[in-house]
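Scroll down for the structure; my scribbles are underneath it.
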Amino acid sequence: MTNLRKSLRGVALGALLTVSTVALPAAASAQALFSAPERLQEGQVSFASAQRGKPVLAGGEVVATGRGFRPGQSVTLMYGQTALSTGPVVANAEGGFEARLSIPANATAGNHPIVAVSQAPYNAVLANLKISPTVPLSGEAAYRVTSVQPTRGLYQTAYSAKRNAVFATSAVGRPPVLQSELLRLNADTLAVEARVTPADAPDRPGRDGQVQDGGVFAVYGVGVDDAHDTVWVTNSRQNTVAVYRQSDLSLVRQFEPGTVNHARDVVIDEQDGKAYASATFQPEIVVFDTAALSVSKRIKIDSTVRGETFSAASVSYDRAADRLYVASNSTNEIAVINTRTDEVEHVYPVPGARGVIGVAHDAQTNRIFVAAQGTDNLVVLNGADGSVIADTPVGAGALNVVFEPKSRRAFVSTFGAGTVTVTDVDGRIVANLPAPPVANHVSTDGRGNIYAAVKSGWSSDGNDSVLRIRPAR
């Protein structure tokens, strides 16, 4: 690794980086104007915190990683017309490099475009360096937080008023996923009342053409149907969903693989007897009949971005508004679906957001709350016309958001910062609560309680946590 030290002075971005590199060999002198450009390879550069699993913050260190360059090729990292180093970095025998950069404490949070210019032959590629905001903890005295550690690999939670229970999903690792559980917790004590491991999934073809173990039908998203005493889950790895009985967590219906592409979220409209599942990477919401346990409709969502495809990610159902809200992580949009007709009413862009992923709604003010992982912010939209009401930095990796109607607060889980940020309906932060190390998901029981699924982090072998957050008085 090349150690980079102070060399950049007075550059924009609040003195973004201070770096230096090894001296450039004499053979790698400046290239002649309009000589042969790069035609066979395109290098790539990415940035990550020097601390694994942590966000890039002002005052910290970041590692620039290059790959796909030619061995011995010189690469200069630039911000605009200003080089970020005293000389280029030289790619190793595999065409890669690593360079450690120091970010000053006064660096401005945001997505900063860095150009990697390579020579002999010439090429230039754009890389994104995201510096996340540092949002201090606050308002902790206003809330009581209870924590339990029921299992590893927690993803989501959902509340059942009928049983006064919290259902939680967990899955560990990548395919084939062998460890996964659906749990039922007592909402008052958070004690585990029941748990089940999903059934074995079909074998799958491997990259080498050989048949591989399919693991289990691991569970990720979760939605509760008190009208039928069932709980619905998404099996993202098998592109489908399943239905379990609330009482003993016995399997009621396992839908065929391929029913919902990379199913992420599932929510239930108990009044009309429908379940809505999001098909990630596809412009589609799959609608199920919760009585017949069958697919009843597929809702196609067209993006307003020319040439792009809407990718259905998080969904939020608002019974009071008879609306389903769908986030697109590919096009940074929010779709509004009338659940009476199952027709798309609006598709709103989310200005100032990248990596839109979480969504919630307040029926009283008709405001849509959008969590954006790529820009670390919560954007509040006017549900009538899609105009921006607020744009609030909430911490690294804003992943999910839920609106709690009793306290009239939005709660945002930040995957990178490890916090749950609380805002009012106008997007103003009223509290920022610790939920380390990785706050993955938030849900509400509608009575003032928030349940957060918190992962144990990259290096820990310990159980993940379920937090119950309630007002102190």
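In this chain, numbering begins with 1 at the start of the sequence shown.
Taking the six-membered ring where the residue is Trp, Tyr220 and Tyr155 present perpendicular rings, their angle passing 60° and hence far from 30°.
Remark: Gln271 CD to Asp322 CG distance equals 6.0 Å, nearest 0.5 Å. In this structure, Thr375 OG1 and Asp391 CG are separated by 7.5 Å, a value rounded to the nearest 0.5 Å. One finds the OH atom of Tyr348 at 11.5 Å from the OG1 atom of Thr304 (value rounded to the nearest 0.5 Å).
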Evaluate side chain to side chain donor-acceptor pair (under 3.5 Å) for Asn463 paired with Arg152, printing each intermediate quantity in order. CA-CA 4 Å; Asn463 286 347; Arg152 293 184 61 207; 5.5 Å; no
Hey, mind stepping through Arg264 and Ser314 against side chain to side chain donor-acceptor pair (under 3.5 Å) and telling me if it holds? CA-CA 7 Å; Arg264 186 187 193 275; Ser314 290; 2.7 Å; yes
Between Thr157 and Ser443, is the side chain to side chain donor-acceptor pair (under 3.5 Å) condition met? List the steps. CA-CA 6 Å; Thr157 60; Ser443 65; 2.7 Å; yes
Verdict with supporting geometry, Asp385 and His346, side chain to side chain donor-acceptor pair (under 3.5 Å): CA-CA 9 Å; Asp385 59 12; His346 306 288; over 6 Å; no
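Ion pairing between Glu404 and Arg409 fails under the 4.0 Å rule for side-chain N and carboxylate O. For Arg323 and Glu345, the salt-bridge test passes: some basic side-chain N is under 4.0 Å from an acidic carboxylate O. The pair Arg319-Asp269 does not meet the salt-bridge criterion, since no charged nitrogen lies less than 4.0 angstrom from a carboxylate oxygen. Classification of Lys297 and Glu343 as a salt-bridged pair holds, one side-chain N sitting under 4.0 Å from a carboxylate O. A salt bridge links Arg408 and Asp362; the closest N-O separation between the charged side-chain nitrogens and carboxylate oxygens is under 4.0 Å.
Of the options Ile450, Thr444, Asn164, a side chain to side chain contact (heavy atoms under 4.5 Å, CB included) to Tyr159 is made by Asn164 and by none of the others. Between Glu333 and the choices Ser328, Ser303, Ser311, the side chain to side chain donor-acceptor pair (under 3.5 Å) rule is met once, by Ser303.
The minimum heavy-atom distance linking Ser180 with Ala218 is given by the pair OG-CA, 3.3 Å.
Contact check for Thr423 versus Val430: no side-chain heavy atoms found under the 4.5 Å cut-off. You'll find the side chain of Val224 reaches within 4.5 Å of the side chain of Gln246, heavy atoms only. Side chains of Val63 and Leu101 form no contact here, defined as non-hydrogen atoms less than 4.5 Å apart.
No hydrogens or angles considered: a donor-acceptor pair under 3.5 Å links the side chains of Tyr276 and Asp342. Looking at Glu181 and Thr151, their side chains do bring a donor and an acceptor atom within 3.5 Å of each other. Side-chain N/O atoms of Asp289 and Ser294 include no donor and acceptor closer than 3.5 Å. Residues Ser132 and Asp376 bring a donor and an acceptor atom of their side chains to less than 3.5 Å of each other.
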Which atom pairs, one a donor and one an acceptor, fall under 3.5 Å between side chains of residues 136-143 and the rest of the protein, sequence neighbours left out?
from, atom 1, to, atom 2, distance (Å)
Ser138, OG, Asn432, N, 3.3

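Because its NZ or CZ atom is not both nearer than 6.0 Å to the ring centre of Phe310 and within 45° of the ring axis, Lys300 does not count as a cation-pi partner of that residue.
Ring pair Phe288/Phe255: centre-to-centre distance below 6.0 Å.
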